[in-house]
Amino acid sequence: MDPMQPFRDEVVRLTSDAVRKLGADVQFEVEVPSPELADFAIPCFPLAKKLRKAPAAIADELAKNIASSDRLTKVWADKGYLNFRVNEQMLIDSTLKAVLAEKENYGRGEKKDKKVLLEHTSVNPTGPIHVGRARNPLIGDTLARILRRCGYDVTTEYYVNDVGKQVVLLTWGINNVPESEVKPADRDKADHRLVGYYQRANEMMESDPEVGRQIADMLVRFEAGDPAVIETVGETAKLMLQGIGSSLESVGVKVDQFTWESKFILNGQAKEVVAKLKASPKCMQEEGASYLDLEELSTQGKSTKFFFTRSDGTTLYTTRDLAYHLDKFKRADMWINVLGEDQKLGMTHLAAALRIMGVDKVPECVFYSFVALPEGRMSTRKGRVVYLDDLIEEAQDRALEEVKKRRFDISEERMFRIAQQIGAGSIRYNIIRVQAEKQFVFQWEEALNFEGNSAPFLQYAHARCCSILRKAPSYDRNANFALLSNEAEKKLIRVLSLFPSTVREAGEKRKIHVIPAYGHELASAFNQFYGVSPVLNSGEVQDARLCLVEATMWALRDVLDTLGIAAPEEM
RNA sequence: GGACGAGUGGCCUAGCAUGGAUAUGGCAGCAGCCUCCUAAGCUGCAGGUCCGGGGUUCGAAUCCCCGCUCGUCCGCCA
């Protein structure tokens with residue numbers, strides 16, 4: 001339940017009535033300005049033209065015509081705005097009651113009865129996942145969590161690229177490169193062990209044409225449906241995926257299902273796409289290869305030729321991607337892809353091809369810019385790369401140092417567990433807090449920042465709540481909330497009341513970074529309260545304050561949960 | 001060359017779709033705060049041509065045009 005909603009509804013209702021009294025039925029916006037100004041405000045500037053009056057005059061008149069209401073304690077006009085103050089006591093009461101009743105479900109929206117298929121990660125299974133790519137699973141997983149909290153039925157999916165040169169080359173490498181020629185792995189994990197074979201096979205292919213011929217041969221047999229080739233390639237992909245999967249797991253990302261690209265060759269759906277596209281008047285031939293002429297569809301760029309077969313008739317990645325999307329359309333009501341910005345043009349081509357096929361559905365895409373290093377774009381082959389596993393390890397090591405600095409009363413094991421939660425959380429938070437399309441330069445100091453706008457800031461506030469609650473005697477959950485009257489308390493409750501609408505906004509607009517921002521604001525408001533309002537041994541206000549602490553604890557848990565970050569009870 | 005995206009105090013960042021009331025926070029810096037619920041915290045100070053230039057408007061970080069810088073793409077690759 002959204003504690004703010006009844007107040008907003010009241011503002012809309014009363015303003016509509018007042019506007020109608022002025023003789024015009026015009027639309028208006030309800031803004032939420034900064035709290036010192038007002039709780040809700042309606043700018044009267046857009047109304048000025050239609051009513052042919054000065055904004056200030058309109059605001060004045062509206063203010064006079066607003067009927068009185070229990071929910072709104074003050075209505076006034078100021079500089080062309082019609083302002084409202086909500087009944088703070090009612091808001092305090094309803095907010096605290098809502099959080100204490102809903103607990104881990106505070107902020108959860110109504111069931112939407114809509115299936116969302118959210119594709120994310122989908123990195124080629126040829127090496128360990130690195131930080132340049134890690135933005136994808138983190139954005140995808142967080143968006144999935146947000147949409148679930150909004151009430152959608154979300155399934156996440158990893159599209160596995162088990163077709164094509166990369167993974168075939170890796171397979172060739174595993175089967176043909178002697179172990180002695182491979183740089184020893186820095187970590188005992190399938191993806192780290194195998195990537196050396198991939199790197200060495202790449203070098204060998206460049207220097208020895210025979211290697212290239214063998215790879216090409218495997219590729220042809222793969223396309224022809226040779227089960228032996230498909231199976232062994234599938235095996236290497238699976239091995240890689242295990243390694244990638246466990247990296248993802250250690251930052252709290254779990255993918256619901258995997259769809260293998262080879263499926264669309266084996267089940268003939270890629271061929272069906274070819275047949276459909278060939279039937280289109282937009283279909284052209286060039287030396288035996290088929291393409292769609294996208295010129296008229298104003299897809300920008302130099303090349304408007306969208307090839308979907310090679311001259312030998314075999315399908316291309318894009319053809320199979322088309323088949324994959326047709327498959328997705330049958331399985332859900334909404335489709336979201338989290339993709340690197342390099343896929344943008346490809347996706348507009350895909351959308352155009354779908355239109356040509358007479359399909360009226362199109363996937364929605366969330367694009368993100370690549371994470372680079374200060375010295376440039378990450379590249380596994382150039383060795384200019386930071387693996388996610390290394391980042392996680394480093395973050396957890398640093399977190400452990402911090403825990404050891406301040407805790408002498410808990411077991412080594414417990415400290416280690418806390419450090420894991422802080423380390424993983426920090427990484428997620430650091431990447432998720434900036435909007436996806438912003439360029440991102442990875443910096444160790446920043447990624448490992450445990451102060452200010454960071455995951456531990458939120459976790460720490462939560463641990464403080466838990467600590468107070470642990471020491472508290474039993475208390476009345478229907479305490480007199482009117483006793484919560486100082487500025488810090490009121491501010492904290494305000495922030496608490498904003499969580500449901502923030503989740504809704506993050507989900508509907510696909511702006512996941514508003515959740516970390518909200519979390520920071522909540523933790524910050526709590527820390528301020530903590531500084532000025534003693535809770536334990538505070539006499540008659542104690543029960544009310546304990547309720548506030550408990551409500552904050554739930555809300556912080558809810559925020560952390562939707563961010564995929566653990567909420568340790570002590571740190 | 002074309003297309004798309006980003007440019008906000010020393011550094012990172014919110015706000016931009018629907019133009020409006022003092023541009024959001026954080027890091028780093030400076031000055032304070034632990035006999036009291038964990039100082040991964042709190043308070044205060046300082047720091048800004050919102051990339052540049054035009055335009056629209058009563059009003060532009062936000063809209064339009066022209067530049068600049070950075071990123072990405074423009075394969076019978078995936």
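So you know, we letter chains A, B, ... as the sequences are listed, proteins then strands, and number each from 1. All values derive from a computational prediction rather than experimental measurement.
- Residue A:K438 places at least one side-chain N or O under 4.0 Å from the OP1 or OP2 atom of B:rA14.
- The base of B:rU24 does not come close enough to the side chain of A:S34 for any donor and acceptor atom to sit less than 3.5 Å apart.
- When heavy atoms are screened at a 4.0 angstrom cut-off, A:E287 is found touching base atoms of the nucleic acid.
- Ranking B:rU13, B:rG15, B:rG26 by closeness to the A:R433 side chain, first place goes to B:rU13.
- Across B:rU24 and B:rC16, the matching C1' atoms stand 13 Å from one another, rounded to whole Å.
- Nucleic acid contact for A:E521: none, since no nucleic acid atom lies under 4.0 Å from a heavy atom of the residue.
- The side chain of A:Q528 places an N or O atom within less than 4.0 Å of a non-bridging phosphate oxygen (OP1 or OP2) of B:rU43.
- Separating the P atom of B:rC12 from that of B:rU57 is a span of 37 Å, rounded to the nearest Å.
- Rounding to whole angstrom units, CZ of residue A:R320 and P of B:rC76 are separated by 14 Å.
- Among the nucleotides B:rC37, B:rA78, B:rG41, the one closest to any side-chain atom of A:Q166 is B:rA78.
- When each of B:rA17, B:rA6, B:rU38 is scored by its nearest atom to the side-chain atoms of A:E437, the top-ranked nucleotide is B:rA6.
- Nucleic acid contact for A:P55: none, since no nucleic acid atom lies under 4.0 Å from a heavy atom of the residue.
- The aromatic rings of A:F306 and A:H349 stand perpendicular to each other, their planes meeting at an angle above 60°, with 30° marking the opposite boundary.
- When heavy atoms are screened at a 4.0 angstrom cut-off, A:R406 is found touching base atoms of the nucleic acid.
- The P atoms of B:rG20 and B:rA61 are separated by 10 Å, rounded to the nearest whole Å.
- Contact annotation for A:Y530: base contact, defined as any heavy-atom pair under 4.0 Å involving a base atom.
- Here B:rG15 is the nucleotide among B:rG15, B:rA6, B:rC37 with the atom lying nearest to any side-chain atom of A:K511.
- Contact check, A:Y317 against B:rA78: no side-chain N or O comes under 4.0 Å of OP1 or OP2.
- With RNA chain B read from its 5' end, the first of the two nearest nucleotides for A:A517 and A:A38 is the one closest to A:A517.
- A gap of 28 Å separates the P atoms of B:rC36 and B:rC45, to the nearest Å.
- Comparing the same atom, C1', in B:rG19 and in B:rG55 gives a spacing of 15 Å after rounding to whole Å.
- Taking the six-membered ring wherever Trp is involved, the centroid distance between the rings of A:F307 and A:Y291 falls below 6.0 Å.
- Side-chain rings of A:F450 and A:F457 stay apart, their centers remaining 6.0 Å or farther from each other.
- Checking the phosphate oxygens (OP1, OP2) of B:rG41, no side-chain nitrogen or oxygen of A:H520 falls inside 4.0 Å.
- Put simply, CG on A:D321 is 17 Å from P on B:rG75, counting in whole angstrom units.
- The nearest whole Å value for the distance from the NZ atom in A:K471 to the P atom in B:rC36 is 11 Å.
- Residue A:E36 is classed as a base contact, given a heavy-atom separation below 4.0 Å to a base.
- Figure legend: cation-pi geometry between A:R377 and A:F370, with NZ or CZ positioned under 6.0 Å from the six-membered ring centre and within 45° of its axis.
- Ranking B:rA40, B:rU38, B:rC73 by closeness to the A:P456 side chain, first place goes to B:rA40.
- Shown here, B:rG48 forms no base pair; nothing in the strands shown gives a Watson-Crick or G-U wobble contact with both key distances under 3.5 Å.
- A:S290 approaches A:K278 most closely through the heavy-atom pair OG-CE, 3.3 Å.
- A:A41 comes within contact range of at least one nucleobase, with a heavy-atom separation under 4.0 Å.
- Pairing partner, B:rU24: none, since no Watson-Crick or wobble contact has both distances short of 3.5 Å.
- Between the base of B:rC12 and the side chain of A:E446 there is no donor-acceptor pair shorter than 3.5 Å.
- A:V403 comes within contact range of at least one nucleobase, with a heavy-atom separation under 4.0 Å.
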Self-check item: CA sep, side-chain torsions, deciding dist, call: A:H120, A:N337, side chain to side chain donor-acceptor pair (under 3.5 Å)
Solution: CA-CA 6 Å; A:H120 70 72; A:N337 297 340; over 6 Å; no
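- For B:rC42, the paired base is B:rG32 (Watson-Crick or G-U wobble, both distances below 3.5 Å).
- Contact annotation for A:R377: backbone-only contact, meaning every heavy-atom pair under 4.0 Å involves sugar-phosphate atoms and none involves a base.
- If you find the closest nucleotide of RNA chain B to A:N527 and to A:K344, the one lying nearer the 5' end belongs to A:K344.
- In this structure, A:K509 reaches the bases: a heavy-atom distance under 4.0 Å links it to at least one base atom across the strands shown.
- If you check B:rA3 for Watson-Crick or wobble pairing at under 3.5 angstrom, you find it paired to B:rU72.
- Partner assigned to B:rU62 is none, using Watson-Crick or G-U wobble distances below 3.5 angstrom.
- Between B:rG29 and B:rA6, the two C1' atoms lie 29 Å apart (nearest whole Å).
- The distance from atom NZ of A:K491 to atom P of B:rC42 is 11 Å, rounded to the nearest whole Å.
- Distances shorter than 4.0 Å separate some side-chain N or O of A:R464 from OP1 or OP2 on B:rA39.
- Between A:I422 atom CD1 and B:rG41 atom P there is a gap of 12 Å when expressed in whole angstrom units.
- Judged by distance alone with a 3.5 Å cut-off, a donor-acceptor contact links the side chain of A:N83 to the base of B:rA21.
- Nucleotide B:rC34 is shown with a syn base, its glycosidic torsion being within 90° of 0.
- As judged by a 4.0 angstrom heavy-atom cut-off over every strand, A:E29 is placed among the base-contacting residues.
- At the heavy-atom level, A:S122 lies nowhere under 4.0 Å from the strands shown.
- Looking at heavy-atom distances under 4.0 Å, A:E341 makes contact with a base.
- The cationic group of A:K344 lies under 6.0 Å from the six-membered ring centre of A:F367 and within 45° of the ring axis, placing it in a cation-pi geometry.
- Rounded to whole angstrom, the span from the CZ atom of A:F222 across to the P atom of B:rA78 amounts to 11 Å.
- At most 12 non-hydrogen atoms from other residues, nucleotides or ligands lie less than 6.0 angstrom from NZ of A:K165.
- Straight-line distance between the C1' atoms of B:rU18 and B:rA60: roughly 15 Å, to the nearest whole Å.
- Side-chain to base pairing of A:S311 with B:rC76: one donor and one acceptor N or O lie within less than 3.5 Å of each other.
- Annotation: the span from A:C365 atom SG to A:E341 atom CD amounts to 13.5 Å, rounded to 0.5 Å.
- Side-chain nitrogen and oxygen atoms of A:R310 include at least one within less than 4.0 Å of the OP1 or OP2 phosphate oxygen of B:rC77.
- At a threshold of 4.0 angstrom between heavy atoms, the contacts of A:D78 include nucleobase atoms, whether or not backbone atoms are also involved.
- Checking the phosphate oxygens (OP1, OP2) of B:rA6, no side-chain nitrogen or oxygen of A:Q435 falls inside 4.0 Å.
- In this structure B:rA14 sits in no base pair that meets the Watson-Crick or G-U test at under 3.5 Å.
- B:rA21 has its base stacked against the ring of A:Y81, the centroids being under 5.5 angstrom apart at an interplanar angle below 30°.
- Comparing the P positions of B:rG5 and B:rA21 gives a spacing of 26 Å, expressed to the nearest Å.
- Ring pair A:W444/A:F442 is perpendicular by interplanar angle, where above 60° counts as perpendicular and below 30° as parallel.
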